[in-house]
There are 2 protein chains.
Amino acid sequence: MDEGELLKIEDQLCFALYSTSRAITKEYAVLLETMGVTYPQYLALMVLWQRDGILVQDIAKGLEVDQATATPLVKRLEKLGFVTRKRSAADERRVEVYLTETGKELYKTALAVPHGLGCAIGVDQARAKKLIDELNNIKAFIAKKNEE
Amino acid sequence: MDEGELLKIEDQLCFALYSTSRAITKEYAVLLETMGVTYPQYLALMVLWQRDGILVQDIAKGLEVDQATATPLVKRLEKLGFVTRKRSAADERRVEVYLTETGKELYKTALAVPHGLGCAIGVDQARAKKLIDELNNIKAFIAKKNEE
DNA sequence: TATTATTAATTAGTACACTATTTATTTGCT
DNA sequence: AGCAAATAAATAGTGTACTAATTAATAATA
């Protein structure tokens with residue numbers, strides 16, 4: 001690769017990830033419209049459907065975002081009526097997040113989303129699995145490098 | 001895959017893309033610190049280094065973002081002293097974006113970034129190429145589907 | 001030519017996402 | 001017990017991204 005090619009935007013892995021990620025998020029938006037949530041809000045609900053009553057920081061960890069990002073996200077879910085927030089009695093610093101009945105109900109609707117998205121982006125399970133593994137390898141490499 | 005597994009966040013391609021994209025952007029931030037630009041600003045400069053004097057909308061197209069995202073991005077680059085904005089004489093609606101001398105100088109520093117990032121995320125050229133192709137296929141599928 | 005449609009950029013408003021800082025609480029240690 | 005360190009959330013401030021609406025200029029056409 002000669003020098004002139006070095007800084008072409010379309011040849012860079014990071015740009016491919018950045019733009020593809022946003023393109024897929026837009027496809028999600030269409031599917032999530034009936035549920036009335038955004039993509040990050042949907043991710044937070046997915047974490048809660050797996051385990052209810054967790055802390056704000058558990059949601060942050062699940063989404064791999066900063067706690068300062070999770071706080072307003074949870075507040076918006078509360079305003080939408082999908083979760084409630086409750087100070088922990090055992091430790092007043094903690095805030096436990098619980099699904100409301102409406103929030104639990106939403107799970108049924110959400111079950112249709114993954115298949116819908118698979119169709120929307122034209123990727124089957126097997127191909128998705130391979131890509132996910134590749135991406136997780138990259139994330140693991142970065143994480144390992146940074147923990148030193 | 002049984003139903004309980006269906007909505008696990010870590011099994012979803014989109015989440016892998018979303019989180020990996022952000023993880024890599026953070027690695028970029030370290031490399032771009034000396035240049036004093038953010039990752040999207042660096043992308044905009046890459047487009048300008050390829051072709052100077054383009055319109056705001058050309059930058060939007062290059063980055064695959066909305067024009068409404070490109071406008072403030074270019075303004076920030078102007079405030080940083082890397083570009084100037086000039087209304088087109090031929091068509092007053094258009095705004096042409098030109099690199100300043102400082103903006104052109106920055107190219108030399110930027111040449112070191114791709115290799116630095118390759119090391120930071122542990123992905124060599126060959127592996128990157130394969131992943132980029134996969135991601136471009138997905139984007140192409142979505143684009144084709146949406147143009148109908 | 002006068003009107004309508006289109007185009008380019010911007011603005012308005014919402015929602016992330018980040019770093020750094022602050023507040024309140026709890027732990028650890030002497 | 002008393003005080004420093006650590007922890008959990010929240011706040012402050014900046015920079016993306018998006019949709020929808022607005023403004024100004026140009027193109028198209030009846």
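Reckoned from all heavy atoms, side chains included, excluding hydrogens, waters and symmetry mates. Order of the sequence lines sets the chain letters (A, B, ...), proteins ahead of strands, with each chain counted from 1.
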| task | Give B/Ala44 one of three labels, base, sugar-phosphate or nothing, depending on what nucleic acid heavy atoms sit under 4.0 Å from its own. | result |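 Contact class for B/Ala44: none.
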
Euclidean distance, [Y] [atom2] relative to [X] [atom1], rounded to 0.5 Å:
| X | Y | atom1 | atom2 | result |
| --- | --- | --- | --- | --- |
| A/Asn137 | B/Ile121 | CG | CD1 | 12.0 Å |
| B/Thr100 | B/Glu105 | OG1 | CD | 9.0 Å |
| B/Glu96 | B/Lys86 | CD | NZ | 4.5 Å |

To the nearest Å, give me how far apart [atom1] ([X]) and [atom2] ([N]) are.
| X | N | atom1 | atom2 | value |
| --- | --- | --- | --- | --- |
| B/Arg87 | D/dA24 | CZ | P | 10 Å |
| A/Glu33 | D/dT19 | CD | P | 11 Å |
| B/Leu80 | D/dG15 | CG | C1' | 11 Å |
| B/Glu96 | D/dA25 | CD | P | 16 Å |
| B/Glu92 | D/dA27 | CD | C1' | 16 Å |
| A/Gln41 | D/dC18 | CD | C1' | 14 Å |
| A/Glu78 | D/dA9 | CD | C1' | 14 Å |

Counterpart residues, side chain to side chain donor-acceptor pair (under 3.5 Å), relative to [X] (two or more places apart):
| X | answer |
| --- | --- |
| B/Glu27 | A/Lys145, A/Asn146 |
| A/Glu78 | A/Arg85 |
| A/Asn136 | none |
| A/Asp66 | none |

| task | Give me the one residue out of B/Leu48, B/Asp52, B/Ile59 that meets side-chain contact (heavy atoms from CB on, under 4.5 Å) with B/Val83. | result |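 Considering B/Leu48, B/Asp52, B/Ile59, a side-chain contact (heavy atoms from CB on, under 4.5 Å) with B/Val83 is found only for B/Leu48.
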
| task | Give the minimum heavy-atom separation between A/Leu106 and A/Met35, together with the two atoms involved. | result |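 Looking at all heavy atoms of both residues, the shortest contact is CG-CE, 3.7 Å.
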
| query | For the residue pair A/Thr25 and A/Tyr39, what are the closest heavy atoms and their distance? | reply |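 Taking every non-hydrogen atom into account, CG2-CB, 3.9 Å.
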
| By side-chain contact (heavy atoms from CB on, under 4.5 Å), which residues pair with B/Ser19, not counting sequence neighbours? |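 Listed in chain order: A/Glu64, A/Lys139, B/Phe15, B/Arg22.
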
| field | By side-chain contact (heavy atoms from CB on, under 4.5 Å) - contacts of A/Asp133 (at least two apart) | value |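 A/Asp133 satisfies side-chain contact (heavy atoms from CB on, under 4.5 Å) with A/Lys129 once adjacent residues are dropped.
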
| query | Who pairs with A/Tyr42 by ring pair (Phe, Tyr, Trp, His ring centres under 6.0 Å), at least two apart in sequence or on another chain? | reply |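 Only A/Tyr28 meet the ring pair (Phe, Tyr, Trp, His ring centres under 6.0 Å) criterion with A/Tyr42.
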
| field | 5′-ward residue of the pair A/Ser88/B/Asp91 relative to DNA chain C | value |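 With A/Ser88 and B/Asp91 compared, the 5'-side residue is B/Asp91.
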
| query | What are the 5'-most and 3'-most nucleotides of DNA chain C lying under 4.0 Å from any heavy atom of chain A? | reply |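 The contacted stretch runs from C/dA15 to C/dT26.
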
| task | For DNA chain D, find the residues of residues 19-29 of chain A with a heavy-atom distance under 4.0 Å and give them by number; none if there aren't any. | result |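 DNA chain D contact set from residues 19-29 of chain A: A/Arg22, A/Lys26.
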
| request: List in numerical order all residues of residues 51-76 of chain B for which some heavy atom is under 4.0 Å away from an atom belonging to DNA chain D. | output: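 B/Val65, B/Asp66, B/Ala68, B/Thr69, B/Leu73, B/Arg76 - these, ordered by number, are the residues of the stretch whose heavy atoms sit under 4.0 Å from the strand.
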
| query | How sharply is the helix from C/dT1-D/dA30 to C/dT30-D/dA1 bent, taking the axes over five pairs at either end and rounding to 10 degrees? | reply |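 Rounded value for the end-axis angle: 10°.
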
| message | Taking salt bridge (charged side-chain N to carboxylate O under 4.0 Å, His left out) as the definition, give me every residue that meets it alongside B/Lys130, ordered by chain and number, with sequence neighbours left out. | response |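 With sequence neighbours excluded, B/Lys130 shows a salt bridge (charged side-chain N to carboxylate O under 4.0 Å, His left out) to no residue whatsoever.
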
